[in-house]
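Everything on this sheet refers to the single structure shown next.
In this text the structure is predicted, and so the values were computed from the model without any measurement. Below, chain A is the first sequence line, B the second, and so on; all start at residue 1.
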Amino acid sequence: MSTATTSSPPPAPGADPIPGRIRAKGSPRPGTWISAVIVALLAAALLRFLVVNPVFDWTTVFTYLLDVKVIQGVGWTLLITAASMVLGTVVALTAAIMRRSSNPVLRGVSWAYIFVFRGTPVYTQLVFWGLFTVIVPKIALGVPFGPELFSFSTRDLFPALAGAIVGLGLNEGAYLAEIIRSGLNSVDRGQTEAAKALGMSDGRILRRIIVPQAMRVIIPPLGNETIGMLKTTSLVLAVPFTLDLTFATNAIANKLFTPVPLLIVAAFWYLAITSILMVGQHYLERYFGRGFDDRDTGPSAKRSRQAAVNSAGTTPKDTLPEVEL
Amino acid sequence: MTAPDAVPTRPLIEIESLHKAFGPVHVLKDNTLTVAEGEVCVLIGPSGSGKSTLLRCINQLEEPTAGRVRIDGVTQGYEEEPLADGRWQRLSPKQIAAQRSRVGMVFQRFNLFPHLTALGNVMEAPVQVLGRPKAEAEATARELLERVGLADRADHYPSELSGGQQQRVAIARALAIEPELMLFDEPTSALDPELVAEVLTVLKDLAQGGMTMVVVTHEMGFAREVADKVVFMADGEIVEQGAPEQIIDDPRSERLQSFLASVL
């Protein structure tokens with residue numbers, strides 16, 4: 001290479017390319033050490049208390065950790081969590097879209113739903129849904145204020161499980177509606193304009209352009225809500241639904257007169273499920289965050305924007321002479 | 001004369017006595033403008049003069065308060081004739097979307113869909129609006145990206161592209177609906193100076209390919225070189241229009257003279 005004549009010779013392999021690198025000595029920080037020792041001692045004391053204190057009765061904990069009733073309880077709790085979150089999300093999306101509608105009736109109904117279901121305790125709502133078959137013994141289809149076409153008894157179609165799912169789902173929907181609405185509002189107005197200019201219909205703009213971008217904003221609080229829901233399922237006793245994890249461990253505890261070990265069993269399972277949900281949330285966030293940050297998946301992974309700009313060849317030397325500016 | 005210029009040019013965009021008011025603010029006042037097929041019309045003027053609003057009325061991103069816009073002889077947004085009581089029947093959202101899909105638009109801030117790759121952005125309307133099969137839309141989209149010099153950026157997300165590249169993807173996206181005309185709303189105003197040329201080159205290619213274009217811009221060099229007609233707007237009105245050399249080099253009105261003095 002003849003161009004090397006003007007530059008200094010390359011450094012020898014293994015040599016530090018930066019001359020005179022600073023070798024720094026840290027300033028003394030006694031506070032760091034003192035606070036670490038105090039906190040470590042406190043943590044050790046707590047651990048010892050957990051192991052030594054007979055109330056915790058770890059033998060019972062391990063005996064019942066994988067008990068059939070407990071595992072079934074985990075299954076029911078998961079089922080109720082998943083089903084009520086799905087129901088809540090569908091209801092919430094509908095309510096959020098209605099809130100954005102230009103139709104005042106739709107807006108009003110959506111507002112009233114959120115007002116009532118967010119403003120009353122979930123426990124109260126669950127008791128109400130438990131009494132649903134008493135309040136509404138049969139559902140009939142017919143002309144309003146006119147003859148009845150056909151009817152069925154709610155008792156056959158509305159077991160306690162349905163009460164639990166509907167109760168939790170509708171309550172959750174009111175919260176999620178606000179989360180989804182703020183997500184939809186977070187998408188730049190220019191996105192709608194660009195889609196309109198392409199001739200897309202309002203429905204398609206919502207489905208293809210707005211909702212996928214809103215998901216990025218919606219997923220983190222949705223994950224929180226799911227974890228919250230997992231624990232709220234412990235209230236389904238109010239319906240009463242009696243197969244979930246909390247009820248199962250309570251029943252065993254009452255039989256054995258040992259409340260604490262079974263609380264630990266329940267806590268263990270709630271923690272375990274929460275951990276799994278957190279992993280799921282991480283992947284969902286990554287999926288819906290595509291195109292928004294540099295930690296992307298896919299063919300463009302690990303490319304920073306600046307690297308892309310640099311490699312684009314759009315530097316001044318590339319200016320196109322025929323356009324005089 | 002037997003020059004090809006003698007072929008009568010068909011008016012593609014006809015704007016008649018157009019007014020636009022946002023509440024009490026009267027931003028467009030009685031504007032009449034015709035753009036012929038294949039013509040490149042450049043709108044210039046100080047900011048707030050109504051250039052962008054006029055442009056946005058052409059593809060109904062704004063509804064005119066008075067007057068009409070016709071594209072290829074078809075009234076935009078309303079039935080051709082008024083109702084018996086003198087009111088105008090508004091078209092359905094579906095009909096309006098169909099009218100919009102014949103007009104391509106490029107925005108100052110690109111407005112690419114950030115959750116889709118460059119290819120996904122260009123394919124979106126052909127698949128979703130025109131109902132093209134995916135494979136066919138992808139082939140066309142790749143051709144369009146190649147045309148704007150971005151064939152190797154097809155799988156990149158907008159956040160991984162420079163401003164100039166994003167704007168070129170946005171042009172490809174607008175072209176993908178096979179528009180009869182293209183609207184450009186200050187396409188280079190959000191770009192770093194060294195990225196402006198790459199976008200203007202694409203615009204120039206389009207103009208040479210015979211595309212009918214209406215361009216709002218502050219790039220006087222571009223206007224002089226590419227425009228068939230330059231329109232100067234101020235305070236919501238068209239003050240002067242004519243060939244670029246006439247408008248830019250021989251301005252009549254004092255307002256145009258002072259505007260040109262400030263931008264040239």
Side-chain angles (χ1 to χ4, degrees), chain A residues 102 187-205 207-217 287-325, chain B residues 56 59-61 93-94 96-117 120-121 124-125 128-130 150 153 155-165 170 173-174 176-177 183 193-198 200-201 204 219-222 224-226:
Chain A
S102 54
V187 179
D188 183 52
R189 237 170 51 90
Q191 294 290 308
T192 308
E193 286 198 341
K196 271 187 181 175
L198 290 169
M200 291 174 81
S201 66
D202 288 347
R204 243 181 248 277
I205 293 173
R207 248 195 350 269
R208 297 281 312 172
I209 307 299
I210 307 295
V211 169
Q213 293 182 57
M215 287 307 276
R216 189 176 64 95
V217 176
Y287 175 76
F288 284 106
R290 70 198 191 282
F292 284 93
D293 51 29
D294 295 323
R295 293 175 286 109
D296 268 320
T297 52
S300 48
K302 300 217 167 142
R303 290 183 50 93
S304 77
R305 179 174 179 275
Q306 192 54 50
V309 173
N310 291 344
S311 69
T314 49
T315 43
K317 69 170 190 281
D318 190 43
T319 23
L320 301 137
E322 66 266 35
V323 181
E324 291 296 324
L325 300 171
Chain B
R56 291 161 60 85
N59 74 341
Q60 305 181 55
L61 287 182
K94 207 174 165 184
I96 290 172
Q99 288 187 335
R100 282 194 182 118
S101 72
R102 302 176 66 183
V103 180
M105 178 141 183
V106 174
F107 298 84
Q108 180 177 355
R109 290 181 54 244
F110 328 137
N111 295 344
L112 287 180
F113 305 133
H115 60 300
L116 301 175
T117 60
N121 267 278
E124 185 66 15
Q128 297 295 327
V129 178
L130 307 179
L150 291 172
R153 294 287 182 272
D155 296 322
H156 289 237
Y157 286 97
S159 63
E160 299 165 330
L161 300 172
S162 73
Q165 293 172 333
R173 177 177 71 176
I177 55 173
L183 308 175
E194 77 268 26
L195 304 179
V196 167
E198 61 184 82
L200 292 185
T201 305
K204 232 181 83 172
E219 301 289 343
M220 290 301 150
F222 173 80
R224 195 196 304 267
E225 194 186 357
V226 180

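With a threshold of 4.5 angstrom between heavy atoms, R204(A) approaches chain B through side-chain atoms but not through N, CA, C or O. P114(B) touches chain A through backbone and side chain together, each having a heavy atom under 4.5 Å away. Interface remark: L112(B) contributes backbone atoms only to the contact with chain A (heavy atom separation under 4.5 Å). Only the side chain of F107(B) comes within contact range of chain A, with at least one heavy atom under 4.5 Å from a heavy atom of that chain.
Nearest heavy atoms, E124(B) versus I209(A): OE2-CD1, 4.2 Å. Closest approach of S101(B) to L198(A), counting heavy atoms only: CB-O, 3.9 Å.
Between chain A and the options R102(B), K94(B), Q60(B), R173(B), heavy-atom pairs under 4.5 Å are most frequent for R173(B). Contact count against chain B (heavy-atom pairs under 4.5 Å) is highest for K196(A) among K196(A), M215(A), R216(A).
Looking at H115(B), its side chain never comes within 3.5 Å of a backbone N or O of I210(A) through a donor-acceptor pair. Judged by distance alone, the side chain of N111(B) and the main-chain N or O of A194(A) form no donor-acceptor pair under 3.5 Å.
Put simply, CE on M200(A) and CD1 on I177(B) are 11.0 Å apart, with the number rounded to the nearest 0.5 Å.
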